[in-house]
Amino acid sequence: MDRYNFKTTETKWQKYWEKNNTFKSKLDKKKKKFYCLEMFPYPSGKIHMGHVRNYTIGDVLARYKLMQNYNVLHPMGWDSFGMPAENAAKQNNLDPKDWTNQNISIMKKQLKKLGLSIDWDREISTCSSDYYKHQQLFFLELYEKGLVYRKENYVNWDPIDETVLANEQVIDGKGWRSGAIVERKKLNQWFFNISKFSEELLDGLDNLNEWPKKVTTMQKNWIGKSFGCEIDFKVEGNKAIDKIKCFTTRPDTLFGFSFLALSIDHPISKFYEKDDNFIKFKEECSKTGTTEESIAQAEKIGFKTELIAVNPLDEKNKVPVYFANFVLMDYGFGAVFGCPAHDQRDLDFAKKYKLKITPVVKPINFDGDFKIKDKAYTDKGVIFNSSFLNGLKVPDESIIKTIEILEQKKLGKKKINFRLKDWGVSRQRYWGCPIPIAYDENNNIVKIPKENLPINLPEKIKLNTKGNPLDHQNEWKNIKINGKKCIRETDTLDTFVDSSWYFLRFCSPKNKDYGYDIDEINYWMPVDQYIGGVEHAILHLLYSRFFMHAINYKNENFNYKEPFKGLFTQGMVCHETYKDEKNNWLSPDEVLSKDGKNYFKKNDNNERVKVGPSESMSKSKKNTIDPENIIENYGADAVRLFILSDSPPEKDVQWSEQGMVASYKFLQKFWILHKKIKNFSSKNTSDQKINSFEINRFTNEIIKKITQNLERFHYNVIVANLYETYNFLIKFLNKPSDKNNLIKNYINILKIMSPIIPHFASECLDDLGEKSEKSWPKINEEYLIKETVNIVLQINGRKKSIIISKKNVDKDTLTNEIKTNNQYNKYLENKKIKRIIYVKDRLINLIIE
RNA sequence: GGGCGAGUGGCGGAAUUGGUAGACGCGUUGGUCUUAGGAACCAAUAUGGCAACAUGUGAAGGUUCGAGUCCUUUCUCGCCUACCA
């Protein structure tokens with residue numbers, strides 16, 4: 001019997017789909033749409049297993065929805081601006097554009113080999129000026145709406161590379177490439193006013209009930225809304241300062257005030273900038289490492305000024321003012337009032353500087369002297385030691401009441417504060433979208449006229465310059481706008497901007513005049529199912545949500561506000577890690593094991609290999625498996641089957657060669673089964689009818705199961721369902737039955753297999769003369785009705801036996817059966833039945849003495 | 001420190017509303033076939049026991065006729081986050 005040849009089959013169907021435009025999508029208002037989108041890849045060179053998993057998950061869904069007769073939009077594109085291209089180009093003296101486009105063509109070829117149901121006519125690439133010219137227009141529109149502004153901001157500055165570093169490029173306070181100690185430098189930067197929509201972005205989360213809760217809570221915390229009030233503290237001292245504004249969520253603890261702390265970047269610091277001791281203190285603050293742990297454990301240190309702050313509720317309460325390392329400038333007003341008794345940080349600080357610790361909240365019903373030792377008291381309770389606030393219940397009553405009092409006395413104001421900061425979008429890089437702005441000779445901002453868009457990146461330029469290569473492009477930089485000499489903005493946009501609206505572009509990727517066509521997006525949007533990694537839980541998803549608000553602002557053209565109706569975050573693909581005796585990482589194909597326990601180097605059988613824990617595949621640990629080789633060896637369907645089989649899609653999956661082989665073998669076995677079914681001949685015996693009913697029932701049951709599992713993303717269970725199906729069919733073939741009925745059922749089975757293993761299923765269907773797998777089989781409930789049921793027999797809640805019974809038997813009949821049938825009455829042992837619990841057709845529980 | 005999630009055989013993992021725990025796969029063991037197999041096929045495979053049976057979903061308690069599932073306490077692991085006033 002011939003073997004299943006995945007190579008010819010998969011190529012055949014990929015060509016067929018392409019030729020027949022099977023996955024081309026068109027606006028059709030009569031049809032219900034389904035927009036299925038996976039996070040588009042960065043074209044880094046080759047696809048990796050993470051891509052395989054991500055796009056397989058999406059493809060299963062897209063194909064399923066297509067068969068359910070949805071008008072499916074399933075596009076693909078490239079997030080093609082960004083640093084890797086610039087770095088690779090620098091290292092190998094290439095052009096970023098060439099490097100990127102070459103990668104795109106390689107990866108596109110690889111993706112096509114996976115047999116994805118993608119409408120490639122909609123392909124976009126963010127580094128193409130066809131894409132980014134619209135982005136430049138958006139930028140200008142947002143600028144006109146007041147949602148974009150320019151301000152001075154601190155950046156991580158690498159003094160050797162003369163470049164700005166992202167936070168993740170700063171390792172232990174040093175630049176990741178140069179190793180230079182990173183400086184904080186003030187630069188003029190462009191910002192998107194995302195914080196304007198803090199409230200909307202927070203409220204919107206409540207409606208996103210098809211998002212993982214984890215992601216919505218992460219966004220909630222990121223936006224960080226807190227309710228409190230701002231308070232002005234009078235200041236006495238020898239400086240021209242009369243008050244300091246603080247934000248607090250605990251105004252009710254004001255009587256426990258014992259110091260006031262300022263951020264070292266607080267405006268007041270300018271009075272101290274020539275003070276040697278203050279300069280020293282600042283240096284000490286910057287010394288604390290940037291690793292997470294060191295920040296968390298960093299000691300709280302302060303610099304005492306001679307200023308005195310006055311408690312607005314108690315003029316006699318005068319406390320010292322410090323600069324302190326734990327106060328952040330960009331939250332609240334960069335100043336906090338310290339109440340050590342009820343805030344751990346304040347307590348640590350107060351103890352170090354021997355400041356007063358006055359408790360003002362004590363537990364309800366606490367008698368005696370309430371004292372604070374090593375732990376600040378932050379639970380609920382009641383106010384004391386606080387004059388006219390005494391007796392207020394904490395926190396429900398105390399905070400609101402205190403704010404009311406402060407407002408009455410005009411000492412403070414109710415305030416809602418957000419943690420969310422505006423989005424800095426300037427990057428001092430070449431390989432990004434140019435910002436459509438210039439500056440005149442007086443450094444005034446000049447918009448580039450819209451008719452002059454796009455501003456293309458200059459090509460084939462020198463990249464091995466210090467700082468931003470665009471700064472050195474004099475010809476490109478110097479322009480005239482309305483006859484006036486101007487210099488272009490040489491910063492480019494953060495690549496997160498590119499990915500904040502690409503899902504809109506996919507709806508009308510060829511629209512020349514604007515980033516989108518309003519009719520198209522009002523039909524296709526929102527994305528019904530968005531699929532990608534959790535690593536984008538905050539920034540990318542939040543920025544995209546912001547972008548929808550921003551372009552709709554003062555415009556209101558959209559029928560919806562949220563870009564992604566459903567979100568699914570898939571887990572990572574993991575593999576064991578290997579190291580040789582010298583602690584060098586080894587890749588899986590440099591390693592050999594005969595027994596699965598002891599591992600040796602492949603070319604040196606004496607060298608033992610240390611096996612490390614399974615971790616997400618990464619080049620640095622060399623524990624990657626190249627999808628291209630795997631597809632070459634086992635075929636796309638087998639890879640798809642395996643990548644879905646071993647774990648639920650939202651969890652991490654272990655790559656296993658054995659698992660991969662099992663998936664491959666499954667297809668081979670199924671192919672033999674297929675041929676057997678095709679060549680089956682009916683046997684007309686008395687059992688035929690019973691057997692036909694059996695397969696009808698099985699098929700309908702499995703359709704139901706798989707449909708449910710598709711809806712719930714239990715894709716690993718679907719693979720198990722396919723194995724069950726195989727196991728059923730292979731046994732079924734030994735029984736006499738009617739061929740027509742068998743084939744009828746089998747065709748439906750092939751159809752439900754097709755989202756997972758589309759080439760294989762199409763080939764089998766084709767082999768049976770069934771040209772299309774287009775419609776999703778309907779469940780025929782008639783076959784799901786069972787004549788007999790298995791009823792669990794429990795005695796005192798413990799399972800004893802199973803009773804095969806007719807349906808709908810009543811309690812008494814069944815009890816009688818148990819009492820009289822020798823098979824069951826042994827459990828009763830003549831004991832009295834006290835109670836009977838009967839769940840019809842499922843279970844009977846007899847409670848005996 | 002805070003937040004979220006998860007603990008089920010040798011392993012990956014199944015198990016709508018509480019109602020047959022361990023589907024399915026891997027691995028292992030035994031067998032068949034074969035010159036041979038790391039191929040294919042058949043069978044077994046939670047634990048203890050010859051068996052009847054008993055025990056069993058990280059631990060302890062609770063609710064219930066009945067708990068992997070609900071509640072309380074606790075332990076362990078993973079992920080995210082970082083002094084947010």
Side-chain angles (χ1 to χ4, degrees), chain A residues 212-218 220-222 224-226 228 246-251 253 261 263 288 291-300 324-328 330-339 342-346 348-349 417-421 534-535 537-538 571-572 594 596 614 641-642 645-648 650-654 656-663 665-666 668-669 672 705 708-709 712 714 716-727 730 790-803 826 834-839 842-848:
Chain A
K213 227 186 147 198
K214 187 183 166 186
V215 176
T216 48
T217 38
M218 276 166 87
K220 258 181 205 160
N221 294 339
W222 189 261
K225 181 180 180 173
S226 52
C246 293
F247 171 76
T248 178
T249 54
R250 294 300 303 275
T253 62
S263 159
T288 36
T291 59
E292 288 171 5
E293 259 188 308
S294 67
I295 291 172
Q297 287 164 5
E299 204 187 350
K300 304 208 168 13
N325 63 341
F326 66 92
V327 183
L328 306 168
D330 46 20
Y331 185 78
F333 301 101
V336 300
F337 95 78
C339 174
H342 306 293
D343 183 291
Q344 193 58 45
R345 292 156 302 171
D346 295 352
D348 296 344
F349 190 80
N417 205 31
F418 291 95
R419 183 184 172 274
L420 181 65
K421 283 176 278 174
V534 231
E535 63 272 20
I538 298 174
M572 290 178 297
K594 278 179 187 152
S614 185
L641 190 64
F642 171 68
S645 69
D646 265 17
S647 292
E650 69 277 10
K651 291 219 285 182
D652 288 355
V653 65
Q654 307 281 329
S656 131
E657 189 75 24
Q658 278 157 337
M660 186 59 246
V661 171
S663 297
K665 284 181 185 168
F666 173 75
Q668 292 297 341
K669 270 160 52 175
I672 294 165
K705 276 191 200 170
Q708 281 171 347
N709 286 326
R712 290 184 294 182
H714 291 193
N716 57 325
V717 188
I718 297 178
V719 177
N721 294 151
L722 298 186
Y723 278 98
E724 271 178 67
T725 306
Y726 172 85
N727 293 340
I730 200 84
N790 294 354
I791 296 177
V792 179
L793 170 61
Q794 290 185 348
I795 305 291
N796 290 340
R798 299 193 160 265
K799 181 200 152 197
K800 292 291 175 186
S801 185
I802 283 165
I803 303 166
K826 62 179 173 184
K834 285 205 298 193
R835 201 179 148 188
I836 298 166
I837 294 108
Y838 179 46
V839 183
R842 292 187 88 167
L843 173 141
I844 184 156
N845 186 7
L846 303 178
I847 311 302
I848 60 172

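Every chain is numbered from 1, with letters handed out A, B, ... down the list of sequences. Note that the structure is a prediction, hence the values are computed from the model and not measured.
- Protein atom CG of A:Leu846 is 15 Å distant from nucleotide atom P of B:rC65, rounded to whole Å.
- Among the heavy atoms of the strands, none lies under 4.0 Å from A:Gln344.
- If you check B:rC80, B:rA82, B:rU20 against the side chain of A:Val792, the one that comes closest is B:rU20.
- Contact check for A:Leu793 versus A:Lys799: no side-chain heavy atoms found under the 4.5 Å cut-off.
- Between A:Ile730 and A:Gly797, the one whose closest nucleotide on RNA chain B sits nearer the 5' end is A:Ile730.
- Looking at heavy-atom distances under 4.0 Å, A:Ile847 makes contact with sugar-phosphate atoms alone, never a base.
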(message) For a quick check, with a 4.0 angstrom heavy-atom cut-off, what is the B/S/- contact string for nucleotides 24-33 of chain B, read 5' to 3'?
(response) SSSS------

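- Side-chain contact between A:Lys800 and A:Gln794: absent, with no pair of heavy atoms (C-beta onward) separated by less than 4.5 Å.
- If you check distances only, the side chain of A:Lys213 never reaches the base of B:rC4 with a donor-acceptor pair under 3.5 Å.
- Between the side chain of A:Arg842 and the base of B:rU17, a donor-acceptor pair under 3.5 Å is found.
- Of the nucleotides present, none pairs with B:rU34 by Watson-Crick or G-U wobble criteria with both distances under 3.5 Å.
- Between the CG atom of A:Asp330 and the C1' atom of B:rA82 there is a distance of 13 Å, given to the nearest Å.
- Counting any heavy atom pair closer than 4.0 Å across all strands shown, A:Ser645 reaches no nucleic acid atom.
- If you check every strand for non-hydrogen atoms under 4.0 Å, A:Asn417 touches nothing.
- Applying the 4.0 Å criterion to OP1 and OP2 of B:rU16, one finds that A:His714 has every side-chain N and O outside that range.
- The same atom, C1', is picked in B:rG9 and in B:rG27; the two are 12 Å apart, to the nearest Å.
- Using modelled atom types, one side-chain atom of A:Asn709 and one backbone atom of A:Lys705 make a donor-acceptor pair closer than 3.5 Å.
- Between A:Tyr331 atom OH and B:rU81 atom P the separation is 19 Å, expressed in whole Å.
- One finds a side-chain N or O of A:Lys665 lying less than 4.0 angstrom from the OP1 or OP2 phosphate oxygen of B:rA40.
- Distances were taken from every side-chain heavy atom of A:Phe326 (C-beta onward) to each of B:rC83, B:rA85, B:rC65; the shortest belongs to B:rC83.
- Within the 4.5 Å cutoff, the side chain of A:Asn845 has no heavy atoms near those of the A:Ile836 side chain.
- In this structure, B:rU64 makes no Watson-Crick or G-U wobble pair, since no nucleotide meets both defining distances under 3.5 angstrom.
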(message) Test side chain to side chain donor-acceptor pair (under 3.5 Å) on A:Glu724 and A:Asn727; report intermediate values, then the result.
(response) CA-CA 5 Å; A:Glu724 271 178 67; A:Asn727 293 340; over 6 Å; no

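- Nucleic acid contact class of A:Ser647 (heavy atoms, under 4.0 Å, all strands): sugar-phosphate only.
- Side-chain contact between A:Ser656 and A:Phe642 is present, with heavy atoms from C-beta onward closer than 4.5 Å.
- Under the Watson-Crick or G-U wobble criterion, with both distances below 3.5 Å, B:rC79 is paired with B:rG3.
- Across the protein-nucleic acid pair, A:Arg345 atom CZ and B:rG1 atom P stand 15 Å apart, rounded to whole Å.
- The distance between atom NZ of A:Lys214 and atom P of B:rG78, rounded to the nearest whole Å, is 14 Å.
- Using a 4.0 Å heavy-atom cutoff across all strands shown, A:Asp343 reaches no nucleic acid atom at all.
- Looking at which nucleotide of RNA chain B each of A:Thr217 and A:Glu650 is closest to, the 5′-most match is held by A:Thr217.
- Between A:Tyr726 and A:Phe666, the angle of the ring planes goes over 60°, which puts this pair in the perpendicular group of the 30/60° scheme.
- Using a 4.0 Å heavy-atom distance criterion, A:Val327 is classed as a base contact.
- Between A:Ile791 and A:Tyr838, the closest side-chain pair of non-hydrogen atoms falls below 4.5 Å.
- The distance between atom CG of A:Asn221 and atom P of B:rU81, rounded to the nearest whole Å, is 11 Å.
- Using the Watson-Crick or G-U wobble rule with both distances under 3.5 Å, B:rG25 pairs with B:rC11.
- The partner of B:rU47, taking Watson-Crick or G-U wobble pairs whose two distances both stay under 3.5 Å, is B:rA54.
- Residue A:Lys799 contributes atom NZ, which lies 16 Å from atom P of B:rU57 at whole-angstrom precision.
- The CZ atom of A:Arg712 sits 6 Å away from the P atom of B:rU16 (whole-angstrom rounding).
- In textbook terms, a nucleotide whose glycosidic angle is within 90° of 0 is syn, while B:rG18, being further out, is anti.
- Residue A:Lys800 places none of its side-chain N or O atoms closer than 4.0 Å to OP1 or OP2 of B:rG66.
- For B:rU81, neither phosphate oxygen OP1 nor OP2 lies less than 4.0 angstrom from any side-chain nitrogen or oxygen of A:Arg419.
- Applying the side-chain contact (heavy atoms from CB on, under 4.5 Å) test between A:Ser663 and each of A:Asp646, A:Leu641, A:Val719 identifies A:Leu641 as the sole match.
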